[in-house]
Amino acid sequence: MLVVVAALRIIDLFKTYDLIFILTRGGPGASTETFAYYIFYLGFIKLNLGQAAAASYLFVFMVTIVTAFLFYRLGRVEEF
């Protein structure tokens with residue numbers, strides 16, 4: 001159960017977009033800009049859909065790698 005909860009929390013961490021958009025809109029400068037906000041900025045503000053799609057694939061790949069690593073590490077801990 002710990003593995004599932006940790007994985008869902010890490011995925012939720014990567015998706016932090018709405019709070020930053022509402023409070024700061026990524027500013028001042030780009031100091032609070034996350035990767036999810038950057039994808040939104042590329043796709044909907046700059047209208048660069050190709051780069052936004054590529055960044056989205058990279059984002060999914062990063063989340064998959066982190067989650068797989070988490071399952072691997074926590075799976076080894078439960079064996080002992």
Side-chain angles (χ1 to χ4, degrees):
M1 184 165 71
L2 180 65
V3 173
V4 173
V5 170
L8 290 175
R9 181 62 189 128
I10 287 176
I11 291 170
D12 187 48
L13 255 170
F14 277 110
K15 294 189 317 181
T16 306
Y17 160 75
D18 53 350
L19 187 63
I20 292 171
F21 182 75
I22 291 170
L23 292 176
T24 65
R25 294 195 189 258
S31 61
T32 59
E33 189 173 286
T34 62
F35 201 59
Y37 181 78
Y38 180 68
I39 292 170
F40 167 79
Y41 176 77
L42 279 176
F44 293 108
I45 296 176
K46 290 184 72 175
L47 295 177
N48 196 342
L49 299 179
Q51 280 187 352
S56 296
Y57 277 113
L58 180 64
F59 184 67
V60 169
F61 181 71
M62 287 180 359
V63 170
T64 303
I65 293 297
V66 169
T67 306
F69 178 73
L70 177 73
F71 276 116
Y72 173 74
R73 290 294 294 163
L74 290 179
R76 288 187 57 200
V77 170
E78 292 177 2
E79 290 176 1
F80 294 108

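Since this is a predicted model, take the numbers as computed values, not measurements.
Residue V60 is not grouped with residue L58 when hydrophobic side chains (ILVMFWY) are merged at heavy-atom distances under 4.5 angstrom, including chains of intermediate members. In the hydrophobic clustering of this structure, L49 does not group with I45; members are Ile, Leu, Val, Met, Phe, Trp, Tyr whose side-chain heavy atoms approach within less than 4.5 Å, directly or through other members.
Among all heavy-atom pairs drawn from L42 and A55, the shortest one is CD1-CB, 4.5 Å. For T67 against V63, the heavy-atom pair with the smallest separation is OG1-O, 2.8 Å.
Exactly one residue among F59, Y41, F40 makes a ring pair (Phe, Tyr, Trp, His ring centres under 6.0 Å) with F35. That residue is F59.
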